[in-house]
Amino acid sequence: MDEASAHVFKIVQKVYYPLLCAMGIPANLFTFYMICFRKCGMSETAIVYLSCLTIVDSFYVVWVILLDLTLTFWQRRPFWHSSPWCAIMGFLQYGSLYSSTWIVVVFTIERYLVLSSTAAKSHFAQARVTRLTCAAIVVASHLASIPMAWINTVTPVNRTAGGQNATRCRYRDATYSTVLVWITTFLSGGFPIVLVILFNSLIAHHLSRASQLFTKEEQRAMKGRSARGMVRRTLLLLGTVSVAFVVLSLPRFVTYCILRTEYNNRTFDRNDYRLPINVASDLANMLQNLNSTTNFLLYCMVSRRFRQELLLVLSCKAKAHELSSFLILTTMKVFTVMDHKAPAGQDPVTVVLTNLKKTKSGREEAK
């Protein structure tokens with residue numbers, strides 16, 4: 001890539017990341033509202049997992065895309081180039097990255113266990129268990145990211161800023177940092193991608209076998225659409241989420257492994273866009289960061305109930321309908337209680353048996 005193309009590529013990134021923040025943060029917050037407060041046809045456990053995923057993705061957008069990448073392209077010296085922000089940013093960024101990745105992995109594994117085991121279904125169907133699981137993932141992810149606070153170090157540079165010596169937050173060239181980066185690469189990219197592909201394949205295989213338990217006559221006798229149609233829709237949902245996660249995360253994993261093996265030396269200039277690996281790595285970063293802002297579009301694509309609720313919200317019809325239904329129901333309950341309340345001072349009703357009639361079965365019933 002020549003200098004003119006490199007300059008254009010920098011401008012693209014300079015516009016891309018602020019635009020991603022401007023669209024991604026409101027989209028994630030609106031998705032959280034839709035999942036938690038609208039009837040989108042999701043189970044309680046799915047609501048907990050997806051809402052938690054939306055929250056941690058929003059934090060990832062703030063820590064990584066907004067405060068790191070956007071400020072890098074728009075400011076000469078962002079605030080995190082000084083202590084202690086250099087270490088804090090590393091901790092927060094990897095904590096949100098771990099949380100987002102492993103919520104997807106655990107949710108996929110949990111769906112497989114629910115489909116394959118009755119005992120697991122009764123256990124994981126509880127919303128309380130799901131909330132504790134998500135909280136444990138977030139806490140464990142941030143605990144695992146504590147060592148990442150020391151992979152960067154604040155070093156002085158030759159130029160001055162405002163009459164003071166300028167500093168930069170740079171990668172610490174040490175064995176400690178190299179080992180941690182390799183571990184992080186596999187914990188946030190390699191292992192999760194393999195697990196998501198594996199368990200989604202097992203889920204698809206399980207659903208395919210389940211559909212074969214019914215004969216053609218039984219499938220025609222079922223109400224609604226056929227069982228095979230239900231399997232196809234489920235596979236479409238799982239396939240869309242899995243493909244989006246793998247396609248947007250795998251290039252970053254591959255390019256990072258190449259950078260840390262073939263170009264891991266002090267003389268390598270990461271900002272030299274004449275080298276194809278630097279261009280490919282930045283494009284992979286753009287794709288991976290897009291993964292934290294596409295939840296809203298994915299749900300619109302694969303969930304009809306989500307689209308219906310979205311149209312109701314945008315047309316402002318749902319709230320008015322819910323309010324009128326609530327008022328009508330409340331009024332009916334009030335009048336029902338008043339009708340059944342006996343007047344004060346009224347004597348209780350006494351039933352007197354006046355006649356007996358013998359039935360054919362030999363029993364006697366009161367008239």
Side-chain angles (χ1 to χ4, degrees), residues 13 16-17 20-21 24-25 27-28 31-32 49-72 78 80 85-109 133-152 169 171-172 177-197 241-242 244-257 259-260 281-295 298:
Q13 295 184 77
Y16 173 78
Y17 288 117
L20 201 61
C21 294
I25 296 176
N28 283 342
T31 303
F32 177 79
Y49 275 116
L50 296 180
S51 60
C52 186
L53 177 63
T54 303
I55 293 174
V56 295
D57 279 346
S58 299
F59 280 111
Y60 178 86
V61 173
V62 173
W63 304 139
V64 178
I65 303 178
L66 178 60
L67 297 182
D68 187 352
L69 296 172
T70 301
L71 294 184
T72 297
W80 45 265
W85 294 108
C86 180
I88 294 175
M89 287 293 292
F91 164 73
L92 294 176
Q93 288 176 359
Y94 283 98
S96 59
L97 176 62
Y98 283 153
S99 301
S100 177
T101 302
W102 284 98
I103 285 175
V104 176
V105 175
V106 173
F107 186 32
T108 305
I109 297 175
T133 302
C134 290
I137 293 173
V138 174
V139 172
S141 298
H142 284 79
L143 289 177
S145 66
I146 291 177
M148 305 305 295
W150 287 275
I151 66 170
N152 296 319
C169 182
Y171 177 75
R172 189 190 301 270
S177 300
T178 303
V179 172
L180 278 181
V181 167
W182 273 110
I183 293 175
T184 301
T185 302
F186 280 93
L187 286 180
S188 63
F191 295 147
I193 290 174
V194 172
L195 291 175
V196 168
I197 294 176
V241 176
S242 302
F245 176 78
V246 174
V247 169
L248 297 177
S249 301
L250 185 59
R252 177 73 179 94
F253 172 73
V254 174
T255 56
Y256 207 84
C257 289
L259 285 173
R260 288 302 169 189
S281 181
D282 280 2
L283 288 174
N285 284 335
M286 295 169 70
L287 287 177
Q288 186 183 33
N289 293 324
L290 184 64
N291 187 38
S292 299
T293 60
T294 56
N295 295 329
L298 290 178

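- In this structure, Ser100 contributes its side chain and Ser96 its backbone to no donor-acceptor pair below 3.5 Å.
- For the pair Ser99 and His142, the minimum side-chain heavy-atom distance is below 4.5 Å.
- Rounded to the nearest 0.5 Å, atoms CG (Leu53) and CZ (Phe107) are 9.5 Å apart.
- Taking CD1 of Ile55 as the reference point, atom CG of Leu50 lies at 11.5 Å (rounded to 0.5 Å).
- Within the 4.5 Å cutoff, the side chain of Leu195 has no heavy atoms near those of the Thr108 side chain.
- The main-chain N or O of Arg172 is found under 3.5 Å from a side-chain atom of Ser177 such that the two form a donor-acceptor pair.
- To the nearest 0.5 Å, the span separating OH on Tyr16 from CG on Asp282 amounts to 11.5 Å.
- Remark: SG of Cys169 is found under 2.5 Å from SG of Cys86.
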CA sep, side-chain torsions, deciding dist, call: Val64, Leu97, side chain to side chain contact (heavy atoms under 4.5 Å, CB included) | CA-CA 9 Å; Val64 178; Leu97 176 62; over 6 Å; no

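- Gln93 places a side-chain N or O within donor-acceptor distance of the main-chain N or O of Trp63, the cut-off being under 3.5 Å.
- Rounding to the nearest 0.5 Å gives a distance of 9.5 Å between OG1 of Thr255 and CG of Leu287.
- In this structure the side chain of Pro192 never reaches within 4.5 angstrom of the side chain of Val104, judged on heavy atoms.
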Please lay out, stage by stage, how Asp57 and Thr293 fare under the test side chain to side chain contact (heavy atoms under 4.5 Å, CB included).
-> CA-CA 7 Å; Asp57 279 346; Thr293 60; over 6 Å; no

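- The structure places CG of Leu290 at 5.5 Å from CG of Leu248, a figure rounded to the nearest 0.5 Å.
- Looking at heavy atoms from C-beta onward, Trp182 lies in side-chain contact with Thr178 at the 4.5 angstrom threshold.
- Remark: Phe59 CZ is loosely packed, at most 12 non-hydrogen atoms of other residues, nucleotides or ligands lying under 6.0 Å away.
- Residues that satisfy the ring-ring contact (aromatic ring centres under 6.0 Å, His included) test with Phe245, not counting sequence neighbours, are absent from this structure.
- From Thr72, atom OG1 reaches atom OH of Tyr17 across 9.5 Å, with rounding to the nearest 0.5 Å.
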Donor-acceptor pairs under 3.5 angstrom involving side-chain atoms of residues 183-191: please list them, not counting sequence neighbours.
unit_1	atom_1	unit_2	atom_2	d
Thr184	OG1	Tyr98	OH	3.1
Thr184	OG1	Leu180	O	2.8
Thr185	OG1	Val181	O	2.6
Ser188	OG	Thr184	O	2.7

Stepwise side chain to side chain contact (heavy atoms under 4.5 Å, CB included) test for Leu20 and Val61 | CA-CA 8 Å; Leu20 201 61; Val61 173; over 6 Å; no

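- In this structure, the side chains of Ile88 and Trp80 stay at 4.5 Å or more apart for every pair of heavy atoms.
- For Asp68, there are no salt bridge (charged side-chain N to carboxylate O under 4.0 Å, His left out) partners, not counting sequence neighbours.
- Trp102 contributes no side-chain N or O that, together with a main-chain N or O of Ser141, makes up a donor-acceptor pair within less than 3.5 Å.
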